[in-house]
Each structure stands twice: as C-alpha cells, then as structure tokens.
Amino acid sequence: MTKKNLILSFIVLLSYNLVAQQFTFVDGGMVSVGRSSVAWGDYDNDGDLDALITGDHGSGPYVASIYRNDAGEFANINAGLTGIYNSAVAWGDYDNDGDLDILACGRNSSNSKTYIYQNNNGTFLQKEAGLPVIGSDGAVAWGDYDGDADLDILIAGAYSCRVYTNNFGVFTNANLGLPAVSNCWVDWGDFDNDGDLDIFVMGDLGGILVSSIYRNDKGAFTEMPQTSITPLAGGSSAWCDFDHDRDLDLLITGFNEYLEPQTTIFSNLGNMEFMDVFPGLIGASLGTAAWGDYDNDGETDILLTGQNAGCGILSSMVYHNDGNTIFTDINAPLEGAERGSAAWGDFDNDGDLDLLISGITGAGSPATRLYSNTNGSNVFSANQPPLAPDGLSMYIDSHTVTLGWNPSSDDHTPTNGLTYNLRIGTSSGAQDILTAMSNPLNGKLLLPKPGNTGNNSDWTINLPDGTYFWSVQAIDHSFAASEFSEEQTFTILNVGKQENEYLDINIFPNPVSDILKITASEEFDGEIIGLDGKVLKTESSEKNTIAFDLSDCIPGIYILKMNYHPQIVFRKIIKM
C-alpha cells in the first residue's frame, strides 16, 4: 500500500471512529429490565429530566421505579409504584396542577391493571379511575381530544381501544368505536391541521392487522379510507413533520402480515393522503421508533430499536437525516434490544439529545442503557432555543376561544418545523386550565416532546365563564423551548349562566367557603369528588335542593358530579 493510500485509509477510519463514538455508555445506576417501558420527565420541576422505568428484572419483583436526576446522577426515589412488565407508561399533567402524573398499564405478579399515579409534590398517589384492564403489550397516551383544556386518555390492548374523557379528573369512556386491537400502539396527532387531535392506532385484530388514522371532527372520529399505511403490529409509531411542509408525517415499525419486521415513513401529502417514501431504514419490531435532532442541525433524526429480520438479530440504531428523505446509519455503538423501550432526552443539560434504552439483549438478559451524546457543541453547532412567539390574538364565540400567534424562528430548525406549547391559567403565570408541561418562568420543558398544539400557530378550546391568562412558547427539533411570549388575557361572560339556565341548575356560591347549595327543577343525586377520584360526600336532593357542608374540606379544587335528567353533569368547585 502506498503512503498516500495509507493516509487516506487512516482519514476514513478516523472519520468513522469519530461518528461511531457519537454516543457513550454512562452507568446511571438504573435497574436492568426487559419486557419494559421507559420515559423521561421532570417530575420534581428542578430543571433536569428524571427517568420512569418499568419491566421485568429477571429475578425478584417486577419493576416500576422513578430515578431522580441530580446533576446527571440518578437515585431511585422508591415511589411505591406497583411493579409491572409487558408495560406501557406515559407522563402527563392530567390535573393541571403544574407537575407530571403517570399513566401506566401492564402485568404484575398477581394480575393486570391500568394505573394513574397523581403527583402530589413528589409523592405519587394511586388514583382509582375505573380504567380497563389491559395486561400485556398494551399502549397508552395522554391528549386533549375534546378541546376542554385537560388531558384525556387513549388506551389500547387486550382487543380493545378506547378514549376516556377527563372531566375534572373523573374519567368516562367516550365510546368512540375504535378498533379492538392487541399487541398494539396508539398515538395522538393533528395530521389534518384543523386544531384537534386525531388518532393513529395499529395492532392485531385477531389474525388481521390494522394501521389506521381516525380523524377527529368535533369529538367524533372517522377512519380515514385509503391512507395506504401498511398494517403492522408489535411495534411503535411517532408523528413528526420531518420534511417541514407544516403537516405531520408518520414513522412506524412492527411486524407485517408475513411476520417480517418493517420500518416505513409515510409522508403526509395533504388532502388525507399519505405516501411511503421508502427511506431504506432497517426493519424493526418489538421496540421503539422516535424522532429527535441529535446533532442540532435542524433536521429530525431517527432512533430505532428492536428485532430485525433473521433469528435473534437485534439492534439499536440512530439514522442521520440528510434531507430529501435520505437517512444514514451513523453506526452508533448502542447495544441492541427487543421487547423494550427507548427515549430521547437531554439528561445532562448540555444542549444535545442523549438516549435511554431498555429491553432484552441478544444474550437474553434484561438491560437498561444510558448513553450520553458526547460530541455536543464541540462538533455540532451550538443549539439556541427559538425566539418567543409574538403577535398574539384571540377570538371568542360563546364558550369557544380561538388563540393565535405569529410563527416563530430558530437558529437551526426551520420555522415550519417548530411546534408550539400553549398555557392557560386563571391567574397571571398560572397553567391550571391548560398545562404546557413546562416551567412558566423560564420555559424549561418537563417533557422532551413537541408542543401541545403541534405545528399549529392557532388553537381552539372550550372554556366556562371567567377571566383567563395565556401565553405560548416555541419548541425546536432538539426539544429546546423558548421563553413564553408576553402574557395576554381574555374574559368569557354570562356563558355559564345561560348554560345553567338551560339545564335548570343553579350552583352557589362558587367559590365556596362553607355551604354549597345546588337547586334544580327535578330531583337529582350529587357527589363531591376529590382530584384523586375519591367520592368525599354524597347527597340526594330534597325538594330539588342539595346543600353540601364543605367546611371540613381543605382549600382547593373539587368536582361536583350530578345525575340529572338522566345525564351526568360535572362542575368544578373551588373551596376557599
């Protein structure tokens, strides 16, 4: 070999090694699990991402643990969660109190169950919500599908798929007629940019596979015909506008009808049409597909984990987005895993996305692996958060409020690729009506994910009478968030009064210090319910009137549930 060729070979090898060392294993001290699920979330609002891990340790009890992140060092807080495996988990602030709660399903040593854990200043309390028993290989997701500014539940598995509407912390089956799937995945996303969340669901109907999008039209869901999305099961999906044309595209993995692992990106063409862009990604199943900009170049890259074609072949791979639907494997030194989960998140707050991966390795052992993104700003361009949106506007029509803002800008992510996070509260700086799941003071995200309005620069919600405070922030592909925009206010008057007159219901006073009185034109039953779902007081009307003595209740928010006419009516009660 000539000296020139030797030098060229060395340069190629050096370049490969630089790329290959992109991610470095870090011993985070987390329990090794398979048949597992992981999720990043800042549960204690201290500005760094904590880890939620569930699964099968291989010996001893099953696992459901929260690891608190203290400047990159992790400690199990022994949260008292029930250990589960073949599980699915999701963080979300369902009670709009500014901290992250947990939704989880799975199997434990004695039975199967679906859990909600309410975060009460870092202590997690199990809430009895009456959700269906899912067991193994289910899927869960939070999302406000009905535009009432609180998180509803999408849950699938055990040959079912249901949405549970959140009425002030009380969850009710919406009976939407979604497909009865097992070995499945579900996700929310506004694919048609009409300002409400649609549903993607894939799984096994009992020998027949399905991958379908259900379009949300004012709370009614219709399956979109002929979207050409390949039916899969045993995989995962992720929405993202990877081509920056201001609509959501779909990355999906799983087994096809021939039990072959498959990975595909379907580009959203608009007009309810999707096209397979044939990105040349490795086929994967029993793992995770996730979008994230690991190198801060403004393009969304791809993380894939799971089982590949061929007996016992597993992988965990990062693909760089080169643009024009071209993706290149960066040969990241990640251990392959199946029957597990993976997530992007900047756990060390150095401005680039790291990785948390769990599952069963090729040796058949459970594993949890934390990988630090070691190049960061030494090689990449330093990533700055987007600018805060401006030009805020609002339009009010009865209960319905449409809020808008000008698209923002960023140093790397194109304007069309930014997503937005909206917060609404009943006082300045608050988000007790619609939570952005971020810190209102500095905009720091509690979850490494796109904003709650997606790519939309306007959002429509339904609200009762009151004065509200709102602002919005922008989020880039690396999940860096801007500060919130300058706060705005609006007021809705007399709508609640008209509604109560229509229902022949009168509730007073509210807020209440001691005695709450409810009158109606017919007899009814009433309950006072805490935000943990427990019924605190029950009364039946006498002469069409109920009086609740709330003097022994601590100040806070409660729910009044009324069985009336034969419908169920919910109202929020504020105890002073």
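Source: prediction; values computed, not measured.
Counting heavy atoms from C-beta outward, Phe266 and Val277 have side chains that stay 4.5 Å or more apart. Side-chain atoms of Leu232 and Thr253, non-hydrogen and from C-beta on, never get closer than 4.5 Å to each other. Pro448 is listed as a side-chain neighbour of Leu49, based on a closest heavy-atom distance under 4.5 Å. Between Ile252 and Ile229 the shortest side-chain heavy-atom distance falls below 4.5 Å.
Considering Asp301, Asn321, Thr419, Asp293 as possible partners of His477, the one that fulfils the side chain to side chain contact (heavy atoms under 4.5 Å, CB included) test is Asp293. Residue Leu434 is tested with Asp148, Thr453, Asn452 for a side chain to side chain contact (heavy atoms under 4.5 Å, CB included); the sole match is Asn452.
Here the side chain of Asn166 pairs a donor or acceptor atom with the backbone of Leu151 at under 3.5 angstrom. The closest donor-acceptor contact from the side chain of Lys449 to the backbone of Phe479 lies at 3.5 Å or more, if one exists at all. Using modelled atom types, no side-chain atom of Asn456 and backbone atom of Trp459 make a donor-acceptor pair closer than 3.5 Å. A donor-acceptor distance shorter than 3.5 angstrom exists from the side chain of Asp50 to the backbone of Asn69, with no hydrogens or angles considered. At distances below 3.5 Å, not a single donor-acceptor pair connects side-chain atoms of Ser358 with backbone N or O atoms of Ser36. Looking at Asn421, its side chain does come within 3.5 Å of a backbone N or O of Ala436 through a donor-acceptor pair. Asp354 places a side-chain N or O within 3.5 Å of a backbone atom of Asn373 that can act as its donor or acceptor partner. Using modelled atom types, one side-chain atom of Asp144 and one backbone atom of Gly147 make a donor-acceptor pair closer than 3.5 Å. Side chain of Thr368 to main chain of Val31: a donor-acceptor pair is present (N/O by atom type, distance under 3.5 Å, no hydrogens or angles). Remark: side-chain polar atoms of Asn216 are paired, donor with acceptor, to backbone N or O of Leu197 under 3.5 angstrom.
In this structure, Lys561 has no salt bridge (charged side-chain N to carboxylate O under 4.0 Å, His left out) partners at least two apart in sequence or on a different chain. For the side chain to side chain donor-acceptor pair (under 3.5 Å) test, no residue two or more places apart in sequence or in another chain qualifies with Asp196. Residues meeting the side chain to side chain donor-acceptor pair (under 3.5 Å) test with Asn462, sequence neighbours left out: Thr400. Qualifying salt bridge (charged side-chain N to carboxylate O under 4.0 Å, His left out) partners for Asp56, counting only residues two or more places apart in sequence or in other chains: Arg35. Remark: Asn439 engages Leu441, Asn442, Lys444 in a side chain to side chain contact (heavy atoms under 4.5 Å, CB included) (not counting sequence neighbours). Residues satisfying the salt bridge (charged side-chain N to carboxylate O under 4.0 Å, His left out) criterion with Asp46, sequence neighbours excluded, are absent altogether. Evaluation of the side chain to side chain contact (heavy atoms under 4.5 Å, CB included) rule for Asn308 yields Ile282, Ala284, Ile313, Ser315 as partners, not counting sequence neighbours. Among residues two or more places apart in sequence or in another chain, the side chain to side chain contact (heavy atoms under 4.5 Å, CB included) test is passed with Thr82 by Asn108, Tyr115, Tyr117, Gln126. In terms of the salt bridge (charged side-chain N to carboxylate O under 4.0 Å, His left out) criterion, Arg162 has no residue partners (sequence neighbours excluded).
Shown here for Ala141 and Leu103, the closest heavy-atom pair between the two residues is N-CD2, 4.2 Å. The nearest pair of heavy atoms linking Ser211 to Pro231 is OG-CA, 3.3 Å. Of all the heavy atoms in Thr288 and Ser341, the pair that sits closest is OG1-CA, 3.4 Å. Across every non-hydrogen atom of Ser32 and Pro366, the tightest pair is CB-O, 3.4 Å.
Sorted by first then second residue, the salt bridge (Lys or Arg N to Asp or Glu O under 4.0 Å) pairs that include residues 58-69, not counting sequence neighbours, are Arg68-Asp70. The stretch residues 26-58 participates, sequence neighbours left out, in these ring pair (Phe, Tyr, Trp, His ring centres under 6.0 Å) pairs: Tyr43-Phe124. A salt bridge (Lys or Arg N to Asp or Glu O under 4.0 Å) check over residues 330-347, counting only residues at least two apart or in different chains, returns the pairs Glu335-Arg369.
Side chains of Ser136 and Arg107: a donor-acceptor N/O pair is present below 3.5 angstrom, by distance only. In this structure, a donor-acceptor pair under 3.5 Å is absent between the side chains of Asn96 and Gln431. In the model, Glu527 has no side-chain atom that pairs as donor or acceptor with a side-chain atom of Thr538 under 3.5 Å.
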Margin query: Does Tyr67 form a side-chain contact (heavy atoms from CB on, under 4.5 Å) with Ile53? I'd like the steps, not just the answer.
Written below: CA-CA 8 Å; Tyr67 286 84; Ile53 298 177; 4.0 Å; yes

- [ ] Tell me, with the steps shown, if Gln262 and Asn256 meet side chain to side chain donor-acceptor pair (under 3.5 Å).
- [x] CA-CA 7 Å; Gln262 183 169 327; Asn256 62 22; 3.2 Å; yes

Go through it in stages, so that I can follow the logic: the residues are Ile302 and Leu304, the test is side-chain contact (heavy atoms from CB on, under 4.5 Å), and I'd like the CA-CA distance, side-chain angles, deciding distance and then a yes or no.
CA-CA 6 Å; Ile302 291 174; Leu304 292 177; 3.7 Å; yes

Checking Ser285 against Phe255 for the side-chain contact (heavy atoms from CB on, under 4.5 Å) test, could you report, in this order, the C-alpha distance in whole Å, the side-chain angles of both residues, the deciding distance, and whether it holds? CA-CA 6 Å; Ser285 59; Phe255 289 113; 3.1 Å; yes

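Cys105 SG to Ile116 CD1: the interatomic distance, rounded to the nearest 0.5 Å, is 11.5 Å.
Ring centers of Trp291 and Phe242: under 6.0 Å apart, within the cut-off. The distance between the ring centers of Phe168 and Tyr558 does not fall below 6.0 angstrom.
In this pair, Tyr145 and Trp188 present their aromatic rings parallel. The plane angle is below 30°, not in the 30 to 60° band.
Ion pairing of Lys113 with Glu128 is present here, as a side-chain N (NZ or NE/NH1/NH2) and a carboxylate O approach within less than 4.0 Å.
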